[in-house]
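Worksheet for the structure shown next.
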Amino acid sequence: MIVLNEQPAGHARSLDAEVEQIYRETRGSICAYLLYLGVSNDRAQEVTQEVFLRLLQTLRKEKPIENVRAWLFRVAHNLGLKVRSRERSFRLVQPDWDRFVHPSHSPESELLDKERNTRVAAALAELSPQQRNCLYLRSEGLRYTEIAEVMGISASSVNEFLRRAIARLAEAANE
Amino acid sequence: MNKTEHLSVDELILFLDRELDTDAAAQAEQHLLACADCAQRLRSLKKGSQAYVQYREQVLEPALQVPTRGWARLGPKLKTEKRYRWGWFGAVACACGLALAVAYYFLPNQPDAQEVLTRAEAVPEQRAGSLLLTTGNERLVRPALLEPGHSEARFQHVRALFVQAHYSWENPLSAHAFAEWRLRLARKEDSVSSIRDRGGRRFYRIQTRTSTGILQAASLTLEAETYHPTKADFAFQGDEAIELAEQTETPKNGLEQVEAVPPAPIKTTETPATPEDELRVFAALDAMGAEAEEPIDVKLDSEHHTVLVTGMGIPAARRKEIEIAMAGLPHTVVRFSAGQRLSDDGGPVSPRGTDGAEESLAFRQNLQDRYGGARALQAATDKALDSSNGLFARTHLLLLLAREFPPAVEAQLGPNSATSLLSLRQRHVGAMGYALQQLKENLAPLLASGVLPDTSERLSKSTHWQGGAEDLFASTRNLDRLVSRLLAGRFTEPEGNSMLKELPGDLSKVEALIHAQSVTDSR
C-alpha cells in the first residue's frame with residue numbers, strides 16, 4: 001500500500017502507475033543527493049537503482065510506506081553513507097565555476113551572483129555536514145519531520161541545524 | 001507565542017519554511033505586519049535561504065551530473081513488473097513443487113531476472129570487438145555492434161528471425177536488447193541461475209521462456225561482478241538454436257565466416273567435469289520443469305570430461321528448450337537422438353498387460369464389484385496407473401541421483417551442493433510419498449483389510465540412502481508391474497487372486513522404503 005501525502009482522496013491509481021510516476025519524478029533527485037553525499041558517479045547510479053529496487057521489493061511485500069519521497073531519501077541516505085564509507089576516499093561536491101552558466105547575459109549581474117555564490121560556498125564550508133545535509137534536503141522540499149526521518153535525528157535537531165545554517169547564510173548573503 | 005514580543009530566529013525560520021501550525025502562523029503573520037524589526041529580520045533570513053537556493057541551482061546542480069543512460073526504461077519495467085516471483089512460486093509449487101526450492105538452495109538471496117537486468121542496464125556499456133554466432137554446424141563472426149539497417153547475405157535468415165522477434169540485431173549481446181525483448185512479452189517465465197566457469201568466475205544466467213512470438217526462449221549470461229553480458233542463447237520456433245558469445249578478435253571486413261564445424265557434438269574441455277557440474281544440470285532440468293517421465297538422462301562422462309545430457313524421442317521444441325537451459329552450464333554437452341524410448345532393460349517399452357493369457361471374466365467382474373461398476377473401475381484404473389507411473393518415475397530420478405552421487409562422491413561435495421542434493425532428494429521422496437498415497441487410495445477396494453502388513457523388519461538396512469534407492473527402485477518397479485497387470489492386464493482367475501494377495505505386501509514394502517529415505521541423513 002502506498003499512501004502519498006499529495007494523493008487526492010478518491011483518486012485511485014494502480015500501484016504500477018504510482019511507482020512509475022515516483023520513479024520518473026524522483027530518480028534525478030535521489031541520484032543528485034547521493035552525489036552530494038560524496039558517492040562516486042558510478043556508485044551513485046548503482047545505489048539509485050538499488051533504492052528503487054528496494055522500493056519495489058517493499059511494495060511487493062505490501063508494506064505500507066506513508067511518505068514515499070522521504071522513504072526514498074532515507075534509503076538513499078543510509079545506502080549512500082554505507083557505500084561512501086567503503087570507498088577509499090570521497091570528495092564532497094565542490095563549486096565548479098567552469099560549469100557556471102548564468103541565466104542572464106548581463107556581465108554585472110553575473111559578477112554579483114558569482115560573488116554571492118562564492119560567499120555562500122565559503123559559509124557552507126564552515127557548516128557541519130549535518131547542517132549542510134539539512135539544507136540540501138530542505139531545498140528538496142522535504143519538511144522538517146521528513147528530514148529528521150531521513151537523517152535519523154529529531155525534528156528539533158533539524159530545526160536547530162537549519163536555524164544556524166540559514167542564519168549563517170543570511171550573513172553571507174547580506175555582506 | 002506572544003504577538004507583542006519579537007519573534008525568535010527559530011520562529012522566523014519556521015514561519016519561512018511554513019512549519020508553524022495554523023494558529024502560530026497566523027499570530028506570526030499578524031506580528032510581522034506590525035513589527036518592522038521582525039519583518040526586516042525575516043527578509044534577511046529569506047535572503048540567506050534564497051542565496052542557498054540560487055547557489056544550488058547555479059553552482060551545485062551543474063556539479064551533480066545526473067546520468068540518464070538506461071534509466072528511461074526502468075519506469076516501464078517497473079510498470080510491467082508484477083509480483084512475478086511469488087506468482088511463479090505459487091504456480092510451480094502447485095504444479096510440482098520443483099523449481100523454486102532448487103533455486104533457493106542453490107542460490108540463497110538469488111536476485112530475480114528483473115533485478116539482474118535492471119542492474120545490468122545501469123552499467124555503462126563497453127561493447128566492442130566481435131561476436132561468435134553458432135547455429136547448427138556453422139560458426140560465424142560478426143561485429144558486436146552493427147549500424148541500423150546493416151545487412152549481409154550470410155546473416156539474412158538469422159537477422160530476419162531477430163527482427164521478427166523484436167530482438168535487437170544491431171546489439172544483440174546486451175542487457176538492453178534482452179530487456180527490450182522481454183518487456184514486450186505478454187506471457188513469460190523467468191529463471192535466474194548462478195554459475196561459475198572453470199576459473200571460478202561467477203555468472204548470472206537469465207532465462208526467459210514465452211509462448212508468444214517466434215522467439216520461444218532466450219538466455220543471457222552476465223558476469224556477476226560487472227553485469228557484463230558474455231553469452232546469449234536463442235531458441236526460435238522451427239529453427240536451429242543460436243548462440244552468441246563474445247569473441248576477442250574483431251573481423252577486419254565486417255561479417256566474416258570462420259569455419260564450418262564438423263558434426264561432432266561432444267566438446268572436450270581441459271578440466272574434468274565435477275559432480276557439482278552434474279548437480280547443476282539436474283537442478284537446471286528441475287528448474288525448467290522437466291517432467292519425471294521425460295526420457296532425459298544425465299551422466300558424468302569421465303572420458304570426455306563432460307556432463308552428458310541425452311534424450312531419445314523428445315519433441316524438437318522441447319529439445320530446444322533443454323538446449324537453452326543447458327547452454328550456460330559448464331562442461332555440459334547435450335545430445336539427442338530420435339526414436340523410441342527404451343525401457344530400463346534397454347529394450348523397447350512393451351505395452352502393459354498383454355501376456356496372452358486368457359482373461360478371466362469372473363475375476364474382472366470381481367474387480368468391478370469391488371469398485372461399484374465398470375465405469376468406476378475404469379476411472380480408478382486410470383488414476384492408479386497414473387499414480388504408479390509417477391511413483392516409478394520419481395524413484396527412477398532418485399536412483400539416478402544415487403548412482404551419480406555415490407557416498408564417496410557425495411562426501412566431496414561442498415556445503416551448497418550437498419544442500420542442493422539433499423533438497424532434490426527430499427523433493428523426490430516427498431513426491432513419491434504423495435504418489436503412493438494416491439495409489440493406495442485408488443487401490444483401497446482391493447486391499448481387504450485396508451491395513452498394510454508391516455514389512456519394514458524384512459527390509460535390508462542400507463547404510464546410505466544410495467543403497468536404499470536401489471532397493472526402492474526395484475520394489476517400485478515390481479509394484480508398477482503388478483498394478484499394471486492387475487488392473488489392465490489379461491490373466492487367469494488364480495493369477496488374479498495371487499496378485500491380489502501380493503499387492504498389500506508390495507505396497508507396504510515401497511511405503512517402508514520411502515519412509516526410510518525420508519529419515520536417512522544426507523551424509
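Proteins come first, then strands; the chains are lettered A, B, ... in the order of their sequence lines, and each starts at number 1. Since the structure is predicted, the reported quantities are computational estimates derived from the model, not experimental observations.
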Residue selection (most heavy-atom pairs with chain A, distance under 4.5 Å) from Asp17(B), Val9(B), Ile13(B), Leu14(B) =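 Maximum pair count with chain A is reached by Asp17(B).
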Heavy-atom contact with chain B under 4.5 Å, split by part of [X]:
X	value
Glu50(A)	side chain
Leu124(A)	side chain
Arg163(A)	both
Arg138(A)	side chain

Residues [X], [Y]: salt bridge by 4.0 Å N-O rule:
X	Y	result
Glu126(A)	Arg168(A)	yes
Arg56(B)	Glu140(A)	yes
Glu146(A)	Arg69(A)	no

remark   = By ring pair (Phe, Tyr, Trp, His ring centres under 6.0 Å), Phe178(B) pairs with (sequence neighbours left out) Trp181(B)
ask   = Does Tyr136(A) have any ring pair (Phe, Tyr, Trp, His ring centres under 6.0 Å) partners at least two apart in sequence or in another chain, and if so, which?
value =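 Partners of Tyr136(A) under the ring pair (Phe, Tyr, Trp, His ring centres under 6.0 Å) test: Tyr33(A), Tyr36(A).
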